[in-house]
Amino acid sequence: MEARIVVLPGDGVGPEVIREAVACLQVVADAFGHRFAFQEALIGGAAVDACGDPLPERTLELCRSADAVLLGAVGGPAWDKHPRDQRPESGLLRLRQALGLYANLRPVTVHPALEDASPVKPQIVRGTDLMIVRELSGGLYFGEPRMFSPERALNTLLYTREEILRVARVAFELARNRRRQLVSVDKANVLETSRLWRQVVDEVATDYPEISVQHAYVDSFAMALITRPRDFDVVLTENLFGDILSDEAAVLAGSLGLLPSASLGGTVGLFEPIHGSAPDIAGQDKANPIGTILSAAMLLRHAFGLTEEAAALETAVDRTLRDGHGTGDLQGAKHRHGTASLGAVIRTAITAVRPTVPGLAVILP
Ligand code: NAD
C-alpha cells in the first residue's frame, strides 16, 4: 500500500525518538513492499519559536489530509511562562480536538524481561496486560468557562451523553476482542458528570452481554491498579483520570519510555508515546525510543489495518527486550544503549522477523 504519514517531532526528546520510529517504519515498508511518504511539520514549542503558534495552520492542514499522524512530544521549560494559547501543550490539545480524536488507547503490558524493572514486586506486575481507554476530547481539559486571576481560578467539568457513548463503544469493542472484562472508572459518589458516565456505560453494556462490567471509584482504583494489575483488562475512564492512571500504570511496565498510545475517533489517527518531552534528558541520546516505535506499530494496525506488519514491529521490540537490550531508564538491562543504537538493534530484529528480499518489494501488492 501507499500512505502519507505526517511526522510531528515536537520538542525535547521528541525528535530523537521520532527519528528511530520513522526509520523502523521504513524498514517495515521495505520488508512488506509498502511505500510510506513521510512529511514533517512543526508543532509545540518548536512551532512557537518558528512562527508564534504551537499549531500552525499548515501543520493542521497537513494532518487533516494525511493517512496517519505520528508525534513525538511537546513542551519544555522554555515555554512554561508563555500565555496558555502560546504554550506547546495547547497546540497538541487543539490538534486532538481538530481531528475529532475522542478515544485514546493506552496499552500497558509488562515484558517478562522487565519484571524486575518496576519498583512494584515482580509477582504483582507479572502478566499485566491491560488497555486503558481514556476519553480525550471532553472533560476538564476542554471545559468552558475557564478563568484565571491571582485570587481565583476556574475550570469546568462537562460531559455530554454523546461524548460518553462514543468512547464507551470503543472500549466495549476492544473488550470484545480481548478478555471480555471492562472496568469503568469514575467518581460517581461525588461528581454529577460521573453519575452520567456510569448511567451511559450501563446503557452501552446492555449491547454487550458477553462482557463483564464493573464500576470503580478512581481513588480506590488507583490503589487496585498498582496492587493487583493482573485483574484488569479494559479500563474505561474520562480525560483527567485517564491521564493520571496511565502514568501510574507506566510504573508497572518499568518505564514511561516504553508505552505507546493511539488516539482515534476522527478520520485521521494520531499516534504518540505517552511520555512528554523529557527536558532532563533531551539532546543526550538517552531517551527510550520504544514507546514511539510501539506507537508506530499501533499506527500500522489501527490506521492501515496492517496487522502482520504491526506484529512484526512488536515482535522485534519483544526480542530486543528479551535479549537484554535497553536504554538507561530500564533497570537491569544487560546491554545499555543510547536512543539511536537501541533503534538500530530493533531494526535489525525487524529484518530477522521478516527478511527483505531485494526486488520482491516492487511486485508485492
Ligand atoms: P515527561 O514524560 O517528559 O518526563 C517524566 C520523567 O520520565 C522524566 O524523568 C523523563 O526523563 C522520563 N522520561 C520520559 N520519557 C522518557 C523516555 N522516552 N525515555 C527515558 N526516560 C523518559 O514528563 P514531565 O517531565 O512531567 O514533562 C516534561 C514536559 O513534557 C512538560 O512541558 C509537559 O507539559 C510535557 N508533556 C508533554 C506530553 C505530550 O507531548 N504528549 C505529555 C506529557 C508531558
Side-chain angles (χ1 to χ4, degrees), residues 102-110 115 117-136 138-143 155-161 163-176 178-206 208-256 258-259 261 274-275:
Y102 58 80
N104 183 222
L105 278 48
R106 298 184 163 200
V108 180
T109 53
V110 174
E115 284 170 2
S118 170
V120 183
K121 292 188 183 101
Q123 62 266 35
I124 289 178
V125 300
R126 185 171 302 136
T128 297
D129 177 8
L130 48 91
M131 173 70 83
I132 297 178
V133 180
R134 167 189 171 196
E135 200 289 326
L136 199 60
L140 208 51
Y141 291 8
F142 293 99
N155 288 98
T156 312
L157 174 52
L158 171 76
Y159 267 112
T160 66
R161 193 183 132 72
E163 283 171 333
I164 303 167
L165 259 182
R166 61 189 188 179
V167 71
R169 285 203 191 100
V170 171
F172 275 91
E173 283 299 318
L174 285 164
R176 182 148 58 185
R178 292 176 51 100
R179 300 194 304 281
R180 298 184 175 185
Q181 294 164 33
L182 183 144
V183 56
S184 171
V185 180
D186 61 38
K187 187 72 183 165
N189 48 347
V190 177
L191 299 174
E192 279 67 21
T193 44
S194 284
R195 276 175 35 214
L196 179 65
W197 184 277
R198 216 172 249 225
Q199 205 176 303
V200 176
V201 169
D202 279 339
E203 216 176 285
V204 177
T206 59
Y208 297 87
E210 72 279 24
I211 294 172
S212 116
V213 180
Q214 284 175 52
H215 297 280
Y217 296 133
V218 64
D219 39 1
S220 65
F221 183 77
M223 210 163 58
L225 180 62
I226 213 86
T227 49
R228 47 185 186 90
R230 259 199 312 267
D231 288 358
F232 305 111
D233 178 16
V234 173
V235 178
L236 166 65
T237 192
E238 59 101 84
N239 204 341
L240 174 67
F241 299 160
D243 197 4
I244 298 168
L245 292 175
S246 51
D247 269 30
E248 183 191 349
V251 172
L252 303 166
S255 167
L256 205 54
L258 289 169
L259 297 184
S261 82
I274 76 157
H275 63 76

Open item on the list: Restricting to non-hydrogen atoms, name the atom on Ala205 and the atom on Val213 that form the minimum distance, rounded to 0.1 Å.
Closed with: CB-CG2, 3.9 Å

- [ ] With sequence neighbours excluded, give me every salt bridge (Lys or Arg N to Asp or Glu O under 4.0 Å) pair touching residues 236-254.
- [x] Arg134-Asp243

TODO: Indicate the atoms forming the closest heavy-atom contact of Leu259 with Pro107, along with that distance.
DONE: CD2-O, 3.9 Å

TODO: Indicate the atoms forming the closest heavy-atom contact of Val108 with Ala249, along with that distance.
DONE: CG1-O, 3.6 Å

Task: Beyond-backbone contact of Val133 with Leu182, side-chain heavy atoms, under 4.5 angstrom - done: no

- [ ] Return the set of residues passing ring-ring contact (aromatic ring centres under 6.0 Å, His included) with Phe172 (not counting sequence neighbours), or none when no residue passes.
- [x] Tyr208

Open item on the list: Would you say that Thr193 contacts Leu158 through its side chain, given a criterion of any heavy-atom pair below 4.5 Å between the two side chains?
Closed with: no

Task: Considering all heavy atoms, the nearest Val120-Ile226 contact - done: CG1-O, 3.8 Å

Open item on the list: Test of understanding: with side-chain hydrogen bond (donor to acceptor under 3.5 Å, both in side chains), list the residues that count as partners of Thr237, not counting sequence neighbours.
Closed with: none

- [ ] Indicate the atoms forming the closest heavy-atom contact of Ala168 with Val201, along with that distance.
- [x] CB-CG2, 4.5 Å

- [ ] For Arg198, check side chain to side chain contact (heavy atoms under 4.5 Å, CB included) against everything at least two apart and list the hits.
- [x] Asp186, Ala188, His215, Tyr217

- [ ] Hey, could you give me the CG/OG1 distance between Leu225 and Thr227, rounded to the nearest 0.5 Å?
- [x] 8.0 Å

TODO: Mind jotting down which residue pairs meet the salt bridge (Lys or Arg N to Asp or Glu O under 4.0 Å) criterion with at least one end in residues 166-175? Sequence neighbours excluded, please.
DONE: Glu173-Arg176

- [ ] State which residues pass side chain to side chain contact (heavy atoms under 4.5 Å, CB included) with Ser246; sequence neighbours excluded, sorted by chain then number.
- [x] Arg106, Ile132

Open item on the list: Please find the pair of heavy atoms, one from Leu136 and one from Ala103, that lie closest to each other, and give the distance.
Closed with: CB-N, 4.4 Å

Task: Side-chain heavy-atom pair Val167, Trp197 within 4.5 angstrom cut-off - done: yes

Task: Arg195, CZ: over 12 other non-hydrogen atoms inside 6.0 angstrom - done: no

Task: Tyr159: side-chain hydrogen bond (donor to acceptor under 3.5 Å, both in side chains) partners, not counting sequence neighbours - done: Glu135

Would you tabulate the side-chain donor-acceptor contacts of residues 122-129 under 3.5 Å, counting partners in other chains and residues two or more places apart, or write 'none'?
unit_1: Arg126; atom_1: NE; unit_2: Glu115; atom_2: OE1; d: 2.9
unit_1: Arg126; atom_1: NE; unit_2: Glu115; atom_2: OE2; d: 3.3
unit_1: Arg126; atom_1: NH2; unit_2: Glu115; atom_2: OE1; d: 3.3
unit_1: Thr128; atom_1: OG1; unit_2: Val125; atom_2: O; d: 2.6
unit_1: Asp129; atom_1: OD1; unit_2: Arg178; atom_2: NH2; d: 3.3

TODO: Begin with the C-alpha distance, continue with both residues' side-chain angles, and end with the deciding distance and a verdict on side chain to side chain contact (heavy atoms under 4.5 Å, CB included) for Asn239 and Leu140.
DONE: CA-CA 7 Å; Asn239 204 341; Leu140 208 51; over 6 Å; no

Open item on the list: Please evaluate residues Val183 and Val234 with respect to the criterion side chain to side chain contact (heavy atoms under 4.5 Å, CB included), reporting the C-alpha separation (whole Å), side-chain torsions for both, the decisive distance (0.1 Å), and the verdict.
Closed with: CA-CA 6 Å; Val183 56; Val234 173; over 6 Å; no

Task: Any donor-acceptor N/O pair, Ser118 side chain to Val251 backbone, under 3.5 Å - done: yes

TODO: Using ring-ring contact (aromatic ring centres under 6.0 Å, His included) as the criterion, list what pairs up with Phe241, not counting sequence neighbours.
DONE: none

TODO: Determine, stepwise, if the pair Tyr102 / Val170 fulfils side chain to side chain contact (heavy atoms under 4.5 Å, CB included).
DONE: CA-CA 10 Å; Tyr102 58 80; Val170 171; 4.1 Å; yes

TODO: Using the test side chain to side chain contact (heavy atoms under 4.5 Å, CB included), find all partners of Thr160 that sit at least two apart in sequence or belong to another chain.
DONE: Glu162, Glu163

Task: Under 3.5 Å donor-acceptor, Asp233 side chain and Arg180 backbone - done: yes

TODO: Could you walk me through whether Glu203 and Arg161 pass side chain to side chain contact (heavy atoms under 4.5 Å, CB included), step by step?
DONE: CA-CA 11 Å; Glu203 216 176 285; Arg161 193 183 132 72; 2.8 Å; yes

Task: Set of residues satisfying salt bridge (charged side-chain N to carboxylate O under 4.0 Å, His left out) with respect to Asp219, sequence neighbours excluded - done: Lys187

